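Right, one structure below, let's go through it.
When reading the values below, keep in mind they use all heavy atoms of this one structure, side chains included, and skip hydrogens, waters and symmetry mates. Since this is a predicted model, take the numbers as computed values, not measurements.
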Amino acid sequence: MRNLLSFFLRYSAWFVFAFYAVISAWLLFTKNPFQHHVYLTSAGAVASGVYEVTNKVTSYIGLRDINEDLQWRNAALEAEVIMLRDQTRKLSQVLQQDSLRSIDSIGKFQFVIASVINNSVIRPHNYITIDKGKADGIAPEMGVMDQNGVVGVTNVVSDHHARVISLLNPNFRLSCKLRGNDAFGSLVWDGKSPSEAILEELPRQVKFQPGDTIITSGYSAMFPEGIPVGIVMGSTHGEDDNFHTLRIRLLTDFTTLSTVKVISNRDIVEIKEVEADDATSKPQN
């Protein structure tokens, strides 16, 4: 207590000066119209600057949530487009057969949004890790894509995480075709660039030109037909003269992967059972 009193006595002159300075400033800016206007203008400018900086900071923090929301909306739209495409195809078949059978397609593909937590692009065999697993409905052999195109396929799944075989992995082959042409080939990464791959075994009679779009063929339970994959850059020398080998510029930027969509096919179990029975069946004499 004695030290506190000693402190106030020692600096009493400064306290008195600060008190009178505050009173003087208050009288100056409240009793004089010009000074009062200057004070309000300056305070408003400072407050506006603070609000602007605060708004920029909060907006930046909210970008991840906004991006995730957009991905969910995009996934819903893509599922709807795929559903409508399937319905259109089945309706066309119905009309061609002049039949009145009902259409039972209600959209067999669904999407699960996931974030990339680990990724490699420079290794001979590249993999991606995402933050969704069995608890979120993820299973092995599910297709993975982002907003631009195909990313890969899941192969190892735990309760809350999954590993994805990247398209930048020579062990992963994808059935693809030119948009507007039903002839298909096999897309594979040749290990040269994270932005390029090659399309092999495309029949020689297929006509193409640089700039044509490569899409998924639909001949796989993992990916629906029509998902963009890349753009034709040109042809390369193939070992078989009966087929084209095309160099493709991939649409997905694997160096900046952040949010992906895992494709769930409700019919995949039935398809696997049918294919397994077909592979094990033997012709009878």
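- The closest donor-acceptor contact from the side chain of Lys177 to the backbone of Gly185 lies at 3.5 Å or more, if one exists at all.
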- Query: For Met145 and Phe111, what are the C-alpha separation, side-chain angles and deciding distance, and is it a side-chain contact (heavy atoms from CB on, under 4.5 Å)?
  - Reply: CA-CA 10 Å; Met145 60 179 291; Phe111 297 89; 4.0 Å; yes
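- The CD1 atom of Ile130 lies 11.0 Å from the CG atom of Leu257; values are rounded to the nearest 0.5 Å.
- By the rule that hydrophobic residues join a cluster once side-chain heavy atoms approach within less than 4.5 Å of another member, Val188 and Val206 end up as members of separate clusters.
- Residues Pro203 and Asn242 are not in side-chain contact: their nearest non-hydrogen atoms beyond the backbone lie 4.5 Å or more apart.
- By the side chain to side chain donor-acceptor pair (under 3.5 Å) test, Thr259 is found to be paired with Asn67, residues two or more places apart in sequence or in another chain being considered.
- In this structure, the side chain of Asn181 does not engage the main chain of Leu178 through any donor-acceptor pair within 3.5 Å.
- In this structure, Asn169 contributes its side chain and Ser166 its backbone to no donor-acceptor pair below 3.5 Å.
- Between the side chain of Ser195 and the backbone N or O of Leu250 there is no donor-acceptor pair closer than 3.5 Å.
- For the pair Val144/Val153, no side-chain contact is recorded, criterion being any heavy-atom separation below 4.5 Å from C-beta on.
- Atoms CG and OG, from Asn126 and Ser120 in turn, are 3.5 Å apart once rounded to the nearest 0.5 Å.
- The shortest distance between side-chain heavy atoms of His161 and Ile117 falls below 4.5 Å.
- Evaluation of the ring-ring contact (aromatic ring centres under 6.0 Å, His included) rule for Phe184 yields Tyr219 as partners, not counting sequence neighbours.
- The heavy-atom pair separating Lys134 from Val157 by the smallest distance is CE-O, 3.3 Å.
- Residues forming a side chain to side chain contact (heavy atoms under 4.5 Å, CB included) with Ala135 (at least two apart in sequence, or on another chain): His160.
- Contact of the Ile263 side chain with the Ile227 side chain is registered, since non-hydrogen atoms from C-beta on lie closer than 4.5 Å.
- Met233 and Trp189 sit in two unconnected hydrophobic clusters of ILVMFWY residues. Membership requires side-chain heavy atoms under 4.5 Å apart, directly or through other members.
- Remark: Pro228 engages Arg179, Leu251 in a side chain to side chain contact (heavy atoms under 4.5 Å, CB included) (not counting sequence neighbours).
- Between the side chains of Arg247 and Thr236, no donor-acceptor pair of N or O atoms lies under 3.5 Å.
- The distance from atom CD1 of Ile138 to atom OG of Ser158, rounded to the nearest 0.5 Å, is 11.0 Å.
- For the residue pair Phe254 and Val151, the shortest heavy atom distance occurs at CE2-O, 3.4 Å.
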- Task: Test Ser264 against Met142 for side-chain contact (heavy atoms from CB on, under 4.5 Å), laying out the working first.
- Result: CA-CA 6 Å; Ser264 173; Met142 283 186 173; 3.9 Å; yes
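- When side chains are defined from C-beta on, Val229 does not count as touching Ile215, because their heavy atoms never get closer than 4.5 Å.
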- Message: Please determine whether side-chain contact (heavy atoms from CB on, under 4.5 Å) holds for the pair Ile248 and Ile198, giving the CA-CA distance in whole Å, both sets of side-chain angles, and the decisive distance to 0.1 Å.
- Response: CA-CA 5 Å; Ile248 308 300; Ile198 56 175; over 6 Å; no
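- Contact of the Thr245 side chain with the Leu202 side chain is not registered, since no non-hydrogen atoms from C-beta on lie closer than 4.5 Å.
- Between His244 and Phe208 the shortest side-chain heavy-atom distance falls below 4.5 Å.
- A distance of 13.0 Å separates CG in Asp212 from NZ in Lys207, rounded to the nearest 0.5 Å.
- Separating the OG atom in Ser193 from the CG atom in Leu168 is a distance of 8.5 Å, to the nearest 0.5 Å.
- Once rounded to the nearest 0.5 Å, the distance linking OG1 of Thr256 with CG of Asp146 reads 8.0 Å.
- Annotation for Gly143 and Phe223: closest pair CA-CZ, 3.5 Å, computed over non-hydrogen atoms.
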- Task: For Leu187 and Leu167, run side-chain contact (heavy atoms from CB on, under 4.5 Å): C-alpha distance rounded to whole Å, both residues' side-chain angles, the deciding distance at 0.1 Å, then the answer.
- Result: CA-CA 9 Å; Leu187 187 98; Leu167 188 60; 3.9 Å; yes
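- Listed by chain and number, the residues in a side chain to side chain contact (heavy atoms under 4.5 Å, CB included) with Asn118 are Thr129 (sequence neighbours excluded).
- Remark: the backbone N or O of Val150 is paired with a side-chain donor or acceptor of Thr252 at under 3.5 angstrom.
- Side-chain atoms of Asp131 and Val116, non-hydrogen and from C-beta on, never get closer than 4.5 Å to each other.
- Residues passing the side chain to side chain contact (heavy atoms under 4.5 Å, CB included) test with Thr255, sequence neighbours excluded: Val121, Asp253.
- With Tyr127 as the aromatic partner, Arg163 meets the cation-pi criteria of under 6.0 angstrom to the ring centre and within 45 degrees of the ring axis.
- Without hydrogens or angle criteria, Ser220 side chain to Met222 main chain gives a donor-acceptor distance under 3.5 Å.
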